[in-house]
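Letters go in sequence order (proteins before strands), and every chain restarts at 1.
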Amino acid sequence: MSRSACWRPAAFRRRLLLATLVAGQTATGLWLFAGTLPDPAQGWAVPALMTVFGVLFAWIGLGFWTAVFGFVALRRGGDPWSLARTTPPPHSQAGSLPATALVMPICHEPVQRTLAGLRAIYQDMQSRGEIMDCYVLSDSQDPEIWLEEQAACARLCDELDAHGRLFYRRRTLNLNHKSGNIADFLRRWGRLYRYMIVLDADSLLTGDCIRRLVHLMESRPQAGIIQTAPRLARADTRFARLQQFANRCYGRLFAAGLAAIQLGDAAYWGHNAIIRVAPFIRHCGLRRLRGPGLFRGSVLSHDFVEAALMGRAGYEVWLEPAIGGSYEESPPTLSDDLRRDRRWCRGNLQHLWLLATLGRLRFAHRMALATGILSFLASPLWLLFLALSGYVASMPLAASPALPGILAGGSTGSAGGLVLIAMTALLLFGPRILAVVDQLLAGRAARFGGTVRLWMNTLVETTLALALAPARMLCHSGHVLGALMNLKVAWQGQNRAGHTRLGFGLRQVVLPLVAAAGMLVLIQLHAPGLTPWALPVVAPVLLMPCLARWLSRPAAPGLWLRVPEDTATSSLLEAADSSLPLTRRWRDLSWFEQAVLTPHQPRFTPPRQADMTGRKRAALQALIDRCVLGGAAALDNSERGRICDHPGALAELHRRAWSAAPGTPWRETLHRLARATREQPLCLDAAS
Amino acid sequence: MDTPDQPYLRALLYLQAAGHETGPGTRVQLQRLLTENAARQAAKPLEQLPDTLGLSPPPRSQRLPPIARSSMGYPE
């Protein structure tokens, strides 16, 4: 048997074991649950409730057993099949890596923070003697953002002496979102590279990590994608630190478990991964969906599909959690987290269509797509479960409820119900306990502030996660409903800076609040006995605005949910945090005004004749005339972008703005410029 | 500099915005140019001013980055 295929029997045995464990646990749960219910002959509700319970119980069981697999793998000193374990560390000389591109697609991201991260990565590579080509691929449409991106990239090239190494590309037509942006890069420059490392706007990879990834690809020609398990870092708000603690404390267990089950059939998470370019170009092109409603248009959650297509083409996809030095950031607030989930939900539900229409996918990748779908469908299923169990509990012969969805008593007596409650608690909280035990056994408790603190923080995280769970469930149910109704989702940059957007937050919680309050009133009116049963679910939702607001506040690093990076931060994270702002902007001038007024050499280049004739020229001329008369405010973002995109138009506006008559808006702008240059020739504006 | 309304002050502001050194020597030179050739200078675009005055290009750190059309620095 060839080395390339020898992991498959191990993978089969592990998946069979997992399926047996989940099925066995679900069957036991169903038997116990049936004992707490009234006679199924009483109607449709009991079988329906049993079905929904079975799906949900299997779902939480899958998470539990994945964590158990991870625990066993980590206690055995790592997975013997892992690429990182079977491949010795690189001994090649610095600078000997094959052609690899670092690719960072961005869209309306915070420019300073994003490019400061890229600078830290580039410098970390430089310090190890490795230089790679970096591509910033922008889909930003707002000129106030992309003008700053361009300025920052130009400054970055100067500062790092990376001319000819660091490239900025902006698409004016944002076809197919992020996957289209990567595809555009591959069409233009893909043939120049053997590998590409895809970064998100908040990704950070150390030079060692990059070197290790390339080395693993070199030593494993069958590998199409190697995915790292990024650690959450740079969390500033309480919510982000909550996520960071969960990721750092429990994430290692889940990642190890997932990697152990998937082996060479893992998923691609869209960033912090290395990709073999040639097969990716050949096999992973995504067509626009041609189904009805939600299933029409571009594929939003492209990464899982690309992994599946890579697997279909015979290449391996590996998740390698043992490779360190890979970081990303958490959304800073619950509101931002839910907004991202909304996009993911729509994207994951689209996979239903792909599961039905894509042939020859590997079984493991089909399962990965299915679990991605279920991760969002679980919320409406939970809601349905609560509704059905409430209905069943109100039946004449039903036992009184013990907990939401679980009835005490019934034909097997209260003992069965109690065992079921204990089992559910074990499945829900077991992974957390296992993760903490793993951290203790691995001697890592000190990194979390000591044993007592680790347990206390786990308790805090678990309590808050429980409090947020019903609100997430209602919001995700709304997301599923919205996706199935084909309500469009805006593709915008993520808030990574922790600025709380109260308006957006309130809009987002109105629906869950109204739903929860309505539910409580209905229960109180029609079945007051069930009110205590409903309170554990409804009360946290009613408190969500206050909780979300509190969680969005800045957290003191090291005090609130300590993680290893608080005491032993990496030089990469330090470099990313301590970077100086990259762009220079005159105070009180917008980026558009600065672009118009800035004198620089390219203006002397005469515009091409083809650009300056016909209807395009007439339209641009009308925009220029309007802008000269009314100032920057006379144009909208798209119109300003069109002028900045055209050197001839920008040059003409530049000349006319500088010769503006007294009393006109541009003369007023020149006054502001004069004040700015008098106070400070050019301000370093980090907040711009 | 209080106002860019006067040609001299506007020209000076232009040079400063471009990142040129605008010390006493440059100012005197600029004043003389605008006084002696007022009509001809008024007709010329301001971007030709550094060439007319024979100013060397501003240091890179003082220059604002150029605005590129969509992209910068395509690889070969």
Side-chain angles (χ1 to χ4, degrees), chain A residues 101 133 135-138 146-147 150-155 157-158 162-172 188-189 192 582-586 591 594-604 644-647 650-651 654-655 658-660 662 667 670-671 673-678 681-682, chain B residues 1-24 26-27 30-31 33-34 37-76:
Chain A
D133 289 354
Y135 289 81
V136 178
L137 307 174
S138 172
W146 66 256
L147 285 168
Q150 287 197 345
C153 279
R155 187 68 61 192
C157 282
D158 286 348
H163 291 281
R165 283 290 192 184
L166 196 153
F167 310 106
Y168 174 88
R169 152 92 179 145
R170 187 175 73 83
R171 292 196 304 167
T172 47
R188 289 165 187 275
W189 301 297
L192 300 177
L582 281 162
T583 50
R584 297 149 67 88
R585 188 166 68 90
W586 286 309
W591 277 100
Q594 176 161 308
V596 171
L597 293 178
T598 301
H600 55 80
Q601 289 301 314
R603 291 186 202 289
F604 292 110
C644 290
D645 250 343
H646 196 286
L650 193 59
H654 169 80
R655 289 190 191 106
W658 273 98
S659 55
R667 185 56 73 92
L670 286 175
H671 280 287
L673 173 62
R675 280 196 298 276
T677 51
R678 186 182 62 230
L682 277 172
Chain B
M1 189 183 302
D2 295 315
T3 168
D5 287 345
Q6 299 164 32
Y8 166 74
L9 291 177
R10 200 186 318 173
L12 192 61
L13 177 61
Y14 192 91
L15 293 178
Q16 287 177 335
H20 288 288
E21 173 276 324
T22 52
T26 308
R27 288 171 189 239
L30 179 63
Q31 191 91 53
L33 179 77
L34 292 174
N37 304 300
R40 199 166 56 183
Q41 277 308 314
K44 274 189 176 178
L46 280 171
E47 56 236 52
Q48 292 180 15
L49 199 56
D51 284 347
T52 310
L53 292 173
L55 297 177
S56 51
R60 186 175 266 185
S61 61
Q62 290 300 309
R63 265 183 274 163
L64 283 163
I67 303 300
R69 188 177 188 178
S70 296
S71 307
M72 290 190 306
Y74 286 112
E76 300 285 325

Self-check item: Interface moiety of A:Ser138 toward chain B, non-hydrogen atoms closer than 4.5 Å
Solution: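 Neither part.
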
Quiz item: Can you find a heavy atom in the side chain of A:Leu597 that is under 4.5 Å from one in the side chain of B:Tyr14?
Solution: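 SC-SC contact between A:Leu597 and B:Tyr14 ruled out.
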
Could you give the distance from [atom1] ([X]) to [atom2] ([Y]), rounded to the nearest 0.5 Å?
X: A:Leu673; Y: B:Arg10; atom1: CG; atom2: CZ; answer: 12.0 Å
X: B:Leu13; Y: A:His671; atom1: CG; atom2: NE2; answer: 10.0 Å
X: A:His654; Y: B:Leu46; atom1: NE2; atom2: CG; answer: 7.0 Å

Exercise. Could I get the full list of side chain to side chain donor-acceptor pair (under 3.5 Å) partners for B:Thr26, not counting sequence neighbours?
Key: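 B:Glu21.
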
